[in-house]
J.: 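One structure follows; several queries about it will come next.
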Amino acid sequence: MTVLIVIDQAPYGRWSGREGLDMAFSLAAFDQSCALLFSGAGVNWLRTGQQPDGLGQKSVARNLGAAAIFGVEALYADAQACHRYSLEGDAIINGVTLIAPDQAFMTGFEKVTFAG
Amino acid sequence: MTVLIVIDQAPYGRWSGREGLDMAFSLAAFDQSCALLFSGAGVNWLRTGQQPDGLGQKSVARNLGAAAIFGVEALYADAQACHRYSLEGDAIINGVTLIAPDQAFMTGFEKVTFAG
Amino acid sequence: MSQSVADLPAHIHTLHILNKTAEHPRAAQCLATLATADTVLLIENAVLSASEVATAAPCPVFMLAADARARGLIAKPGVGTEATGTTQQIGYEQMVQLSALATRIISW
Amino acid sequence: MSQSVADLPAHIHTLHILNKTAEHPRAAQCLATLATADTVLLIENAVLSASEVATAAPCPVFMLAADARARGLIAKPGVGTEATGTTQQIGYEQMVQLSALATRIISW
Amino acid sequence: MTDISLQTYTLVITGAPYSSQAPQTALDFARAAVAAGHQINRVFLYGDGVHIASVLICPPSDEPHWPRLWSDFLAEHQIPAVACVSSALRRGLIDKAEQQRYELSAHNIRAPFEIAGLGEWVEAGTCSKIIYFHSGA
Amino acid sequence: MTDISLQTYTLVITGAPYSSQAPQTALDFARAAVAAGHQINRVFLYGDGVHIASVLICPPSDEPHWPRLWSDFLAEHQIPAVACVSSALRRGLIDKAEQQRYELSAHNIRAPFEIAGLGEWVEAGTCSKIIYFHSGA
């Protein structure tokens, strides 16, 4: 019965990624089962060392690292996209499960939702 | 001294293509030299037989056919994109010059502008 | 508005509603997740990529007639145009039916 | 904000300002039009595709430091990170200088 | 003909009018759903979709007035419609209460739209079939 | 160090705040240009960019208020800024004159922004270097 929120936009350039995170954390706050998938350029939300204060934005990497505490059941990332963006080793935050976002993976979720 | 307005969005799904056309016709109305390039999914603006009245929108194919009269100096289309979208023969309006939107083509324009 | 009568699937696992042309990364993501028990509905600009999607999809593909008409893709009974391939054009009424038949709906 | 001192080109024919990652169709259009006398400036999300762009470009490529920092791409003097390649990070002041040096500016 | 059971829908619109086609497609879908006897229990505006609820939008007289068409449809069928509060405040879509609270010069939300939190969307997901209408490309 | 001659810029912004980064990048560029002694003779808002001129935008207090920051910058440096009238009317960005003309309930444009036609953009192109700030992806 899990809702999968998919984020495929890179951070800070557009707001829809942030709005997807808001959806996931809202579901979790209301005790609804949910997980996050970062695909395409969206995997860049998972990079360590983000310092968006210079753009007047808050880093969510810490929130994502504590997603399990907030009730988000899993953080998934598209393995191929991580490779494309050199998100390997220390560059990616802890607690992320690398997957291929194919039919077999997607079929396990009751709902699959983009924020925009 | 020609301004090239580039439209790479398909018609009706978003407004930026229409806003690009408005820019081109404004330049022409003020006697500024301009041309239009349709690239990528934007080539679909050039298809014959569009009937967007069902979407509450006006067809611009007729305006484009008369672009020369309005003062737009040329209509260019990305040949590869036309092929991808089966825009050949009767399917494409008259008066379009097929080109490859490469460095050699682009270098001939004083300005190259997207609407959004 | 005239429209051909479409045979809708009896059951749909996932209805994929796609509104982006094939160049868009999300269209590729959509294609990678299709199963034979699914159905694809092309709306808005995605109707322009009907033949590309129909070739790649392992399942039925429909398109909204109003969007196809707007963009100059004319339906011929039985066969599509070169641009539409064999994708059947349906109305909003059938879009509702597809959504009612589907266990899950993904808007890409 | 610290930033490495960049050597700007003496003359620029076209300054290409790109703010979309490499998956976006417009990024590919941009790459297809580059000449050796041009300069590319990656801003906003495009900084994430710095190594792809630098590999494909026949001309100098710069990226905005504020955008790179925000996205966790750390500048090392002389060499870039794996993600940034050898693309030099510059500030808005240098962005203004590039735009002043350019005969033509295209925002993709 | 396949037998189709009656549904309860929530429509979520994330694309703005006169920028994306999302509000138009959603309205055509909503009309067809109601005509077929289905229920729409809520329309939720999120992200750029909140602009549909602006009372100040003024398209040329020969173009459809999507916010007014949406309002009329919602009123006729008594369908509640809410704009997400955090999306709305960031985009300048304001009701009387927010106008007073933030001491703004005006409000610009069109009846019957109201402003509410994401909790309404969460709740909708538990008791209806949600369909999203995003900005295309 | 390369010798750089002083420039006259027109900035065109087509991306909305809190939806794209375009207004932020444009403001950082504008500040750096003015600091370097260049002139900005006009800021032109087109398409979704007109939302920058909304006086009703109300971001959370811990986020930058981009419309106010833009207004303050424009006022300080006495830079004229206009929103394209056809973009503005379709998106619900209204001044007093349009409010009266279309009998609307309010106006929501923030000083010093004004509403004008595409002719202003055409003219800008003949006498300045135009830089566009679009929505990214």
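Small disclaimer: the values here were computed from a predicted structure and weren't measured. Protein chains get the first letters and strands the later ones, always in sequence-line order, with residue 1 at the start of each.
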J.: Could you tell me which portion of D:Ala46 (side chain, backbone, both or neither) has an atom closer than 4.5 angstrom to a non-hydrogen atom of chain A?
T.: neither

J.: Measuring from atom OH of A:Tyr12 to atom CG of D:Asn45, what distance do you get when rounded to the nearest 0.5 angstrom?
T.: 10.5 Å

J.: Identify whether the distance between the nearest side-chain nitrogen and carboxylate oxygen of D:Glu52 and A:Arg84 falls below 4.0 Å.
T.: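 Answer for the salt bridge query: yes.
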
J.: Kindly check if the number of other-residue, nucleotide or ligand heavy atoms within 6.0 Å of CD (A:Glu110) is above 12?
T.: yes

J.: Taking A:Gln51 for its side chain and D:Arg71 for its backbone only, find out whether a donor-acceptor pair lies under 3.5 Å.
T.: no

J.: What is the minimum heavy-atom distance between A:Leu55 and D:Ala70, and which atoms define it?
T.: CD1-CB, 3.4 Å

J.: Chain D: which of A:Ala61, A:Pro11, A:Gly40 shares the most heavy-atom pairs with it under 4.5 Å?
T.: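 Of the candidates given, the most pairs with chain D belong to A:Pro11.
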
J.: Which distance, rounded to the nearest 0.5 Å, do you find between the CG of D:Leu48 and the CG of A:Leu87?
T.: 8.5 Å

J.: Identify the heavy atoms of A:Gly49 and D:Ile74 that sit nearest to each other, and give their distance.
T.: O-CD1, 4.3 Å

